[in-house]
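Here is the structure we will look at.
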There are 2 protein chains.
Amino acid sequence: MKKLEQLHRPGTGTYVKGQERILQILEASRDILITNGYAGLSMRKIATAVGITVGNLHYYYPTKKDLIANLLDHVIVGYLQDFENVRTEAGTAPEDQFVAVIRLIIEDLNTPETTNFFPELWAMANHDETAAERMNELYHKARLDINELVGLINPGLSDDEREQVSLFISASMEGLTPFIGSGKPWRSKTPGITNIAAYSFLHLVKTIDSETIGELPLAAQAQA
Amino acid sequence: MKKLEQLHRPGTGTYVKGQERILQILEASRDILITNGYAGLSMRKIATAVGITVGNLHYYYPTKKDLIANLLDHVIVGYLQDFENVRTEAGTAPEDQFVAVIRLIIEDLNTPETTNFFPELWAMANHDETAAERMNELYHKARLDINELVGLINPGLSDDEREQVSLFISASMEGLTPFIGSGKPWRSKTPGITNIAAYSFLHLVKTIDSETIGELPLAAQAQA
DNA sequence: TTGAAAATAGATCTACCGTCCTAAATTTGA
DNA sequence: TCAAATTTAGGACGGTAGATCTATTTTCAA
């Protein structure tokens with residue numbers, strides 16, 4: 001895991017004013033990305049939102065590419081910090097902790113920031129290698145808790161199998177975003193769907209075994 | 001469900017040449033959207049790809065908005081046609097049909113078109129009402145098969161509960177796209193994850209009941 | 001065959017884009 | 001205090017965006 005790179009010029013952001021400016025720039029960029037989408041994110045809009053000139057903005061970020069890379073880092077770091085304290089608040093039994101984590105993640109999908117940011121991130125990752133790396137880094141860390149709990153609840157799985165189960169659970173919840181996210185048509189059904197998710201995932205983790213994961217589909221079995 | 005609107009001017013596309021042109025435009029637009037993303041989709045790129053001038057392109061689609069609306073329709077109709085014949089190929093038992101549908105949908109996630117198109121659609125739906133409507137229309141129809149099979153396997157659910165279960169299953173599979181889609185890091189784990197999904201979803205549908213879906217989370221129970 | 005409708009090319013307009021440059025103003029540590 | 005470093009404003013450049021207009025060519029049915 002690489003540490004965050006220094007993306008603006010050496011020297012920039014050394015005065016307190018500069019450091020605050022960088023934060024202002026990142027916050028404004030984040031807001032514009034969330035409300036207008038990647039296509040609507042321009043250096044001029046960012047500069048106007050911050051209240052500076054484009055020239056000044058390019059002083060901090062020589063290219064738009066640099067800014068976006070730093071923006072993704074900034075937003076993602078925020079999410080990772082949120083996830084860090086998740087488990088400490090839950091109970092002691094692994095099953096209870098697991099369900100608590102599930103509920104918390106789904107609850108977060110309802111925030112407008114999450115609802116709008118992640119689809120942008122997924123789309124960006126399809127066309128930009130840097131965005132893809134950042135995204136994988138984020139989800140890898142976000143899965144650590146789930147992965148550990150899966151291991152506690154079901155010790156019979158191999159590392160590889162456990163990670164597949166964790167990925168399936170994590171990805172499944174992400175998939176709810178365009179449907180039960182903020183302002184989405186199924187948003188009011190969130191409680192029921194959350195219960196369905198918790199019930200489904202918990203049983204999956206408790207009962208899945210290596211044979212089921214490794215099973216060949218019927219077509220492949222016939223050929224074997 | 002509205003029928004597809006006539007989005008280009010009356011008169012256009014009446015000659016055979018014009019009809020073929022429209023198809024060429026939509027295909028080229030689709031390719032560019034998939035490879036370059038929404039931000040990289042411009043009238044000029046489309047015109048160049050088709051081999052016509054921008055003026056000619058605007059003859060068919062007065063505004064870019066019109067073109068995109070028609071493009072979404074075109075791509076989505078293609079997917080709906082694919083989904084229509086899914087169930088006929090499976091066995092007779094509802095459980096077998098259900099698993100077959102699950103496997104087919106996940107298999108489709110691996111195609112580059114699906115992997116790249118849907119994240120763009122989700123992002124577009126967040127900033128464009130038309131795209132949101134098209135998307136909901138698509139997923140509603142795509143869920144019809146799953147929804148019917150869920151009802152056959154588990155007749156004890158109300159209409160509302162059944163639809164929540166179907167939505168959860170459908171959304172979960174969509175969520176796999178950014179992870180096991182074409183070129184994605186977990187792509188090689190698709191077989192195992194598919195087995196996990198089939199196992200998990202089938203048990204969910206067979207055993208879920210109204211009480212579990214309607215259950216209040218612990219925090220809410222304490223307040224009641 | 002022919003003429004009306006459709007299709008096309010090409011130029012042009014305005015707006016916005018990212019980037020670069022220079023000079024002035026501000027900050028901060030020595 | 002004061003000089004060096006940082007921050008800022010403002011303009012300019014070339015490129016591309018969507019959209020519009022006009023003139024020309026092509027299509028196709030009567």
Side-chain angles (χ1 to χ4, degrees), chain A residues 6-29 32-33 35-72 120 124 127-128 130-131, chain B residues 6-29 32-33 35-72 120 124 127-128 130-131:
Chain A
Q6 184 72 19
L7 285 166
H8 25 92
R9 285 203 201 82
T12 59
T14 55
Y15 290 1
V16 288
K17 195 171 187 181
Q19 295 181 12
E20 290 170 356
R21 259 292 116 81
I22 290 176
L23 278 182
Q24 289 177 351
I25 292 169
L26 294 177
E27 292 293 315
S29 304
I32 294 173
L33 175 66
T35 53
N36 294 80
Y38 176 74
L41 183 68
S42 73
M43 299 298 270
R44 276 171 173 78
K45 276 185 192 162
I46 297 168
T48 302
V50 175
I52 59 177
T53 59
V54 266
N56 194 9
L57 180 56
H58 269 96
Y59 165 73
Y60 289 101
Y61 296 100
T63 71
K64 190 182 179 184
K65 204 176 158 71
D66 295 332
L67 193 155
I68 289 176
N70 207 174
L71 168 63
L72 292 185
E120 295 293 337
M124 288 169 73
H127 311 108
D128 177 38
T130 305
Chain B
Q6 183 73 20
L7 286 165
H8 27 91
R9 285 203 201 83
T12 58
T14 55
Y15 290 0
V16 288
K17 193 171 187 182
Q19 296 182 12
E20 290 170 356
R21 227 5 135 223
I22 290 176
L23 278 183
Q24 290 176 348
I25 292 169
L26 293 176
E27 292 293 315
S29 305
I32 294 173
L33 176 67
T35 52
N36 294 82
Y38 177 73
L41 183 68
S42 72
M43 300 296 271
R44 276 172 173 77
K45 276 184 193 161
I46 297 169
T48 303
V50 175
I52 60 177
T53 59
V54 266
N56 195 9
L57 180 56
H58 270 96
Y59 166 73
Y60 288 101
Y61 295 101
T63 71
K64 190 182 178 184
K65 204 175 158 70
D66 296 333
L67 191 155
I68 289 175
N70 208 173
L71 168 63
L72 292 185
E120 295 293 337
M124 288 169 74
H127 311 108
D128 177 36
T130 306

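The basis for the numbers below is simple: all heavy atoms, side chains too, and nothing from hydrogens, waters or symmetry mates. Chain A is the first sequence line, chain B the second, and so forth, proteins listed ahead of strands; every chain is numbered from 1.
- Shown here for A:Gly40 and A:Ile32, the closest heavy-atom pair between the two residues is O-CG2, 3.6 Å.
- Rounded to an integer number of Å, the gap from B:Asp66 CG to D:dT20 P is 10 Å.
- Distances from the side chain of B:Lys17 to the nucleotides D:dT26, C:dT26, D:dA19 place D:dT26 closest.
- Rounded to an integer number of Å, the gap from A:Ile52 CD1 to C:dA25 P is 19 Å.
- For B:Thr12, the listed nucleotide lying nearest its side chain is C:dA7; candidates were C:dA7, C:dC17, C:dA9.
- Taking the nucleotide of DNA chain C with the nearest heavy atom to each of B:Thr14 and A:His58, the more 5' of the two is matched to B:Thr14.
- The CG atom of B:Asp128 sits 5.0 Å away from atom NZ of B:Lys65, with the distance rounded to the nearest 0.5 Å.
- Between the side chain of B:Arg9 and the backbone N or O of B:Tyr59, at least one donor-acceptor pair lies under 3.5 Å.
- A:Tyr15 contributes no side-chain N or O that forms a donor-acceptor pair with the base of D:dT6 under 3.5 Å.
- Side-chain contact between A:Tyr61 and A:Ile22 is present, with heavy atoms from C-beta onward closer than 4.5 Å.
- Residues B:Arg21 and A:Met43 each lie close to DNA chain C; by heavy-atom proximity, the contact nearer the 5' end of the strand is made by B:Arg21.
- Counting any heavy atom pair closer than 4.0 Å across all strands shown, B:Leu57 reaches no nucleic acid atom.
- Among the nucleotides C:dT19, D:dT7, D:dA19, the one closest to any side-chain atom of A:Lys64 is C:dT19.
- For A:Lys64 and A:Tyr38, the positive end sits near the middle of the six-membered ring, less than 6.0 Å away and at most 45° from its axis.
- Distance CD (B:Glu20) to P (C:dT8): 10 Å, rounded to an integer number of Å.
- Heavy atoms of A:Gly55 sit under 4.0 angstrom from at least one base atom.
- Protein atom OH of B:Tyr61 is 16 Å distant from nucleotide atom C1' of C:dT8, rounded to whole Å.
- Take the nearest nucleotide of DNA chain D for B:Val16 and for B:Val54: the residue whose nucleotide is more 5' is B:Val54.
- We find that CD1 of A:Ile22 is positioned 16 Å from P of C:dT27, with the value rounded to whole Å.
- Residue A:Tyr59 places none of its side-chain N or O atoms closer than 4.0 Å to OP1 or OP2 of D:dT8.
- Comparing C:dA9, C:dT28, D:dG18 by their nearest atom to the side chain of B:Asn56 picks out C:dA9.
- The shortest side-chain heavy-atom distance between B:His8 and B:Asp66 does not fall under the 4.5 Å cut-off.
- Of the candidates C:dT28, D:dC13, D:dG18, the closest approach to any side-chain atom of A:Arg44 belongs to D:dC13.
- Look at CD1 on B:Ile46: it is 10 Å from P on D:dA17, rounded to the nearest Å.
- Judged by distance alone, with hydrogens and angles left aside, B:Tyr60 brings no side-chain donor or acceptor close enough to the base of C:dA7 to form a pair under 3.5 Å.
- Atom pair A:Leu41:CG and C:dC16:C1' shows a separation of 14 Å (rounding to whole Å applied).
- B:Ser42 comes within 4.0 angstrom of sugar-phosphate atoms only, judged by non-hydrogen atoms across all strands, and of no base.
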